[in-house]
Amino acid sequence: MEPGIRVASVLVVLGLVACAPQVGAPLEGSIAGLVVKGAVSSSKVTAYSVDVHGRRVKPVGSTTSDDTGAFVIGVGGHFGPTLVCATGGTYVDESTGVVIGLGSGELCALVDNFELGANVTGVLLTPFAALHAALTGCFLDTGKETSFASASQRAELRFHDFLGAGIAAFDFR
């Protein structure tokens, strides 16, 4: 092979290597919080992607809550509105001390706009958060709101007005 062709071949190979995409590690996120109706231990906690009507589409991660009700779910490269739901598990009734099973009922909460690679903390799965998630879906289904963000905000404002009774900076979550 001639020296000119050899040099040209080496330059082509170096050019291809230099132009290769520099792809780093994939961005993976997580959602952390508590399942609360009392501390719900051993609850299956699942994060779901959500469609434009506020309905769950598919699971993006799952875990089990610990004895304090705490959980951390790895959601991989998921982003966008996310519904986090807990089923099963047990909690101690505060007034009687009796251990009660959560059963097939769900406690859910919305993460309005989960960003790619984010690590969201402080998500509370409570009866009020479950009502907020359901009301958000109702506002979307009835056409009272046209976007997920505006429906969630409207549901949040309704709960703040009702539960806060005019207290400034009240946040039901």
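Here the structure is a predicted model, which means the values were calculated and not measured.
Taking every heavy atom of both residues into account, Val123 and Ala109 meet most closely at CG1-CB, 4.0 Å. Minimum heavy-atom separation, Leu124 to Ala129: O-CB, 3.4 Å. The shortest non-hydrogen separation linking Ala151 to Thr136 is CB-O, 3.7 Å. The nearest pair of heavy atoms linking Val35 to Val45 is CG2-CG2, 3.8 Å. Residues Phe139 and Arg158 approach most closely at CZ-CG, 4.3 Å, considering heavy atoms. Taking every heavy atom of both residues into account, Ser62 and Thr46 meet most closely at OG-OG1, 3.3 Å.
Side chain of Ser41 to backbone of Asp66: no donor-acceptor contact under 3.5 angstrom is found. Looking at Thr82, its side chain never comes within 3.5 Å of a backbone N or O of Ser49 through a donor-acceptor pair. Remark: the backbone N or O of Cys138 is paired with a side-chain donor or acceptor of Thr142 at under 3.5 angstrom. Side-chain N or O atoms of Ser65 include none that pairs as donor or acceptor with a backbone N or O of Ala70 at under 3.5 Å. Panel note: side chain Ser43, backbone Thr87; a donor-acceptor pair is recorded below 3.5 Å.
In this structure, the side chains of Pro127 and Leu107 come closer than 4.5 Å at one or more pairs of heavy atoms. Considering only heavy atoms from C-beta on, Lys44 stays 4.5 Å or farther from Cys85 through its side chain. Between Phe148 and Leu110 there is a side-chain heavy-atom pair separated by less than 4.5 Å. Side-chain contact between Val72 and Thr63 is absent, with no heavy-atom pair separated by less than 4.5 Å. Between Leu140 and Arg55, every side-chain heavy-atom pair lies at or beyond the 4.5 Å cut-off.
Note on Ile100 and Val40: same hydrophobic cluster, where clusters join Ile, Leu, Val, Met, Phe, Trp and Tyr whose side-chain heavy atoms are under 4.5 Å apart, directly or indirectly. Under the 4.5 Å side-chain contact rule for hydrophobic residues, Val99 and Tyr91 do not share a cluster.
Other residues, nucleotides and ligands place more than 12 heavy atoms under 6.0 Å from the CZ atom of Arg154.
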One pair to check against side chain to side chain contact (heavy atoms under 4.5 Å, CB included): Phe71 and Leu125. What are the steps and the verdict? CA-CA 10 Å; Phe71 65 88; Leu125 306 182; 3.9 Å; yes
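From Glu106, atom CD reaches atom CG of Leu83 across 7.5 Å, with rounding to the nearest 0.5 Å. Atom OG of residue Ser150 and atom CG of residue Leu157 lie 11.0 Å apart, to the nearest 0.5 angstrom.
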